[in-house]
Visitor: 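Structure provided below as structure tokens; questions to follow.
Residue numbers start at 1 and run along the sequence shown.
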Amino acid sequence: MKMKACLLACLLLGAWCCGPQVAAARVWSGVDLMHVESEDGRNMCALTFDDGPAGYTPHLLDVLAAEGIPATFFMLGRQVEQHPDLVRRVVAEGHDIGIHSQTHPNMRRLGVDRQAEELVRPLLALQEQGIAARWFRPPYGNMNASLKELAGYLGLSIIIWTHDSKDWKRTRSDYANMETATGAPTPEGAMRGVFLMHDTSARTAAELPEIIRILRARGCQRFVTVSEYLGQAERPMPSGRDEALFVLAGKSLLKVLHTLEQGPHGAGAALLSRVVAAVAAGQPVPSLADAGLQTPCRTLAANTSLPPREDAPAPAAPGIAEAPAMPVPEAEDAASDMQDDAPSSLLEQTPQT
């Protein structure tokens, strides 16, 4: 798995800096999502849960099953690796799955090599479960041009949200009066959109039946997955796993692979051989610049490399009474950027109900 992830990330970098131009990923902002209309005119509501699968995911699934509601789970790659059984259950019960990065960093602050790794690893972890994700939600909603372009090469669309439950805060969420992405409260009887919540929130797990009741009373007429909300069928899984490693990146990556085999300056094939050998030996992956691929590549990518990473294993999923710990981003991320996921240390301090 790790060798495949490093290889594909390297190929993705080659595609980004040297390959044919590919459109950046489609970004569905909160305002964009507010303007999506259903074919039958009914108010659609898509519940989404970030940061899992985690300790409260089984309870959330129980509630959703009892209510007959499908949802969408934006999963962290490290959590997918730790809890494949929960991933399989999410799919088996008819829910949608998107990716939320591998380790939950502020991706706008990462170099393009780390951005590629944070996209590729969760995709491959889901691929091992036979799932080809098509949706990506960046942590905190933060993104930049290179991230959107990398996501575009992987065939991903970026999904933000229309309503933030702020379930990571200590204060009780006011689900009846959540502000929309435009900053205005939702009129009576007009509730619809894409709602942000978290698998890691004890409050959300405990209050989900009441949340659903409130949303229905405020106007939600049909609960749907993100795929249904946007009127798009789920992405089909390629037939072969090895083939899927490259299909994930689309036809444009295959074109780039062919280009690199021919090699600008005759270095492409040598680079691929060195990447495979280095990963297999547990050594740092050679950079594009080392292989002489910096021209005509973009300056930002020319000196990137992908050294092997050893992430600390995520804790095992506990019962509903305790949420798993997660790394805490820098304080200014949650305060000044578009806010998405809460630092888990705040979640751990939340009074449990």
Visitor: Show your working on side chain to side chain contact (heavy atoms under 4.5 Å, CB included) between Glu81 and Arg121 and close with a plain yes or no.
Guide: CA-CA 10 Å; Glu81 294 165 359; Arg121 291 182 64 186; 4.2 Å; yes
Visitor: Given 3.5 Å as the limit, does a donor-acceptor pair link the side chain of His59 with the main chain of Ala205, or not?
Guide: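 Yes, the answer is positive, given that a donor and an acceptor are paired below the 3.5 Å cut-off.
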Visitor: Can you list the steps and then say if Leu76 with Thr103 is a side chain to side chain contact (heavy atoms under 4.5 Å, CB included)?
Guide: CA-CA 6 Å; Leu76 294 173; Thr103 62; over 6 Å; no
Visitor: Should Phe49 and Thr204 be marked as a side chain to side chain contact (heavy atoms under 4.5 Å, CB included) after you check the CA-CA gap, both sets of side-chain angles, and the distance that decides it?
Guide: CA-CA 10 Å; Phe49 300 91; Thr204 291; 4.0 Å; yes
Visitor: Heavy atoms only: give me the nearest Thr186-His163 pair and the separation to one decimal.
Guide: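 Heavy-atom minimum between the residues: OG1-NE2, 3.2 Å.
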Visitor: Going by heavy atoms in the side chains, are Leu64 and His95 under 4.5 Å from each other?
Guide: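 Contact flag for Leu64/His95 side chains = yes.
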Visitor: I want to check something: taking the side chain as every heavy atom from C-beta on, are Met143 and Ile160 in contact at a cut-off of under 4.5 Å?
Guide: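 Yes - at least one pair of side-chain heavy atoms lies under 4.5 Å apart.
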Visitor: Please name the pair of heavy atoms, one in Gly77 and one in Ala125, separated by the smallest distance, quoted to 0.1 Å.
Guide: O-CB, 4.3 Å
Visitor: Identify the two heavy atoms, one from Leu119 and one from Ala151, that lie closest to each other, and give their separation to 0.1 Å.
Guide: CD1-N, 3.9 Å
Visitor: We want to know whether Thr225 and Ser227 form a side-chain donor-acceptor pair, criterion being a heavy-atom distance below 3.5 angstrom.
Guide: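 The answer is no; no qualifying pair exists.
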Visitor: How about Leu61 and Pro58: do any of their side-chain heavy atoms sit closer than 4.5 Å?
Guide: no
Visitor: Answer yes or no: is there a side-chain heavy-atom contact under 4.5 Å between Met197 and Leu47?
Guide: yes
Visitor: Identify the heavy atoms of Asn43 and Gly219 that sit nearest to each other, and give their distance.
Guide: ND2-O, 2.9 Å
Visitor: Does the side chain of Asn144 come under 3.5 Å of the side chain of Gln115 through a donor N or O and an acceptor N or O?
Guide: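 Their side chains do contain a donor-acceptor pair, which is all the 3.5 Å distance test asks for.
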Visitor: What's the separation between atom OG1 in Thr180 and atom CG in Asp164, rounded to the nearest 0.5 Å?
Guide: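 The CG atom of Asp164 is 12.0 Å from OG1 of Thr180, to the nearest 0.5 Å.
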Visitor: Any side-chain heavy-atom pair from Ile159 and Phe136 closer than 4.5 angstrom?
Guide: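 Heavy-atom side-chain distance check fails, nothing below 4.5 Å.
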Visitor: Here's one to test your reading of the geometry: is the NZ or CZ of Arg137 within 45 degrees of the ring axis of Trp135 and under 6.0 Å from its centre?
Guide: no
Visitor: Sub-3.5 Å donor-acceptor pair from the side chain of Gln79 to the main-chain atoms of Pro53, do we have one?
Guide: yes
Visitor: Given the rule in the salt bridge (Lys or Arg N to Asp or Glu O under 4.0 Å) test, do Asp32 and Arg26 qualify, once you have shown the distances and angles that lead to the verdict?
Guide: CA-CA 11 Å; Asp32 293 334; Arg26 170 72 161 93; 3.4 Å; yes
Visitor: Ignoring hydrogens and angles, write down the donor-acceptor pairs under 3.5 Å from the side chains of residues 187-196, residues two or more places apart or on other chains.
Guide:
residue, atom, partner, partner atom, Å
Glu188, OE1, Arg218, NH1, 2.5
Arg192, NH1, Met34, O, 2.8
Arg192, NH1, Val36, O, 3.1
Arg192, NH2, Met34, O, 3.0

Visitor: Nearest 0.5 Å, what's the NZ-CG distance between Lys148 and Leu156?
Guide: 14.5 Å
Visitor: Does the distance from a Lys or Arg side-chain N to an Asp or Glu carboxylate O, for Glu67 and Arg216, drop under 4.0 Å?
Guide: yes
Visitor: Any idea which heavy atoms bring Ala116 and Leu150 closest together, and the distance?
Guide: N-CD1, 3.8 Å
Visitor: From Tyr229 OH over to Trp28 CH2, what is the distance, rounded to the nearest 0.5 angstrom?
Guide: 9.0 Å
Visitor: Can you pull out every disulfide bond (SG atoms under 2.5 Å apart) where at least one residue sits in residues 28-120? Sequence neighbours excluded, please.
Guide: Cys45-Cys220
Visitor: Taking atom CD of Glu228 and atom OG of Ser38, what is their separation to the nearest 0.5 Å?
Guide: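 One gets 12.0 Å once the value is rounded to the nearest 0.5 Å.
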Visitor: Are the side chains of Thr57 and Phe73 in touch, meaning some heavy atoms are under 4.5 Å apart?
Guide: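 When only atoms from C-beta onward are counted, Phe73 and Thr57 do touch, with a gap below 4.5 Å.
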Visitor: For Asp167 and His198, test the side chains for any donor-to-acceptor distance below 3.5 angstrom and give the result as yes or no.
Guide: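 Side-chain D/A pair, Asp167 to His198: present.
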Visitor: Assess the residue pair Ile214 and Glu210 against the criterion (side chain to side chain contact (heavy atoms under 4.5 Å, CB included)); give the C-alpha distance rounded to whole Å, side-chain angles, the decisive distance to 0.1 Å, and a yes or no.
Guide: CA-CA 6 Å; Ile214 291 171; Glu210 178 66 7; 3.8 Å; yes
Visitor: Looking at Glu118 and Ser101, would you say the former's side chain and the latter's main chain have a donor-acceptor pair under 3.5 Å?
Guide: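 Flag not set: sc Glu118 to bb Ser101 has no pair under 3.5 Å.
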Visitor: Are the side chains of Ile97 and Thr72 in touch, meaning some heavy atoms are under 4.5 Å apart?
Guide: no
Visitor: Taking Arg78 first and then Asp51, would you say they form a salt bridge - that is, a charged N and a carboxylate O separated by under 4.0 Å?
Guide: no
Visitor: Residues in side chain to side chain contact (heavy atoms under 4.5 Å, CB included) with Pro84, at least two apart?
Guide: Arg88, Gln129
Visitor: Can you measure from CG (Leu215) to OG (Ser165) and round to the nearest 0.5 angstrom?
Guide: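 If I round to the nearest 0.5 Å, the distance is 10.0 Å.
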Visitor: Using the ring pair (Phe, Tyr, Trp, His ring centres under 6.0 Å) criterion, which residues pair with Phe74? Sequence neighbours excluded.
Guide: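 By the ring pair (Phe, Tyr, Trp, His ring centres under 6.0 Å) rule, Phe74 matches no residue at all.
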Visitor: According to salt bridge (charged side-chain N to carboxylate O under 4.0 Å, His left out), who are the partners of Arg89, at least two apart in sequence or on a separate chain?
Guide: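 For Arg89 the salt bridge (charged side-chain N to carboxylate O under 4.0 Å, His left out) partners, ignoring immediate neighbours, are Asp62, Glu93.
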Visitor: Going by heavy atoms in the side chains, are Arg213 and Tyr175 under 4.5 Å from each other?
Guide: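 Of all side-chain heavy-atom pairs linking Tyr175 with Arg213, none is under 4.5 Å.
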Visitor: Could you pull out all residues at least two apart from Asp85 that satisfy salt bridge (charged side-chain N to carboxylate O under 4.0 Å, His left out)?
Guide: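 In terms of salt bridge (charged side-chain N to carboxylate O under 4.0 Å, His left out), with neighbours along the sequence ignored, Asp85 is linked to no residue.
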Visitor: Heavy atoms only: give me the nearest Gly94-Pro70 pair and the separation to one decimal.
Guide: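 In terms of heavy atoms, the two residues are closest at O-CB, 4.1 Å.
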Visitor: What distance do Leu154 atom CG and Glu149 atom CD have between them, rounded to the nearest 0.5 Å?
Guide: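 Output value for this atom pair is 12.5 Å.
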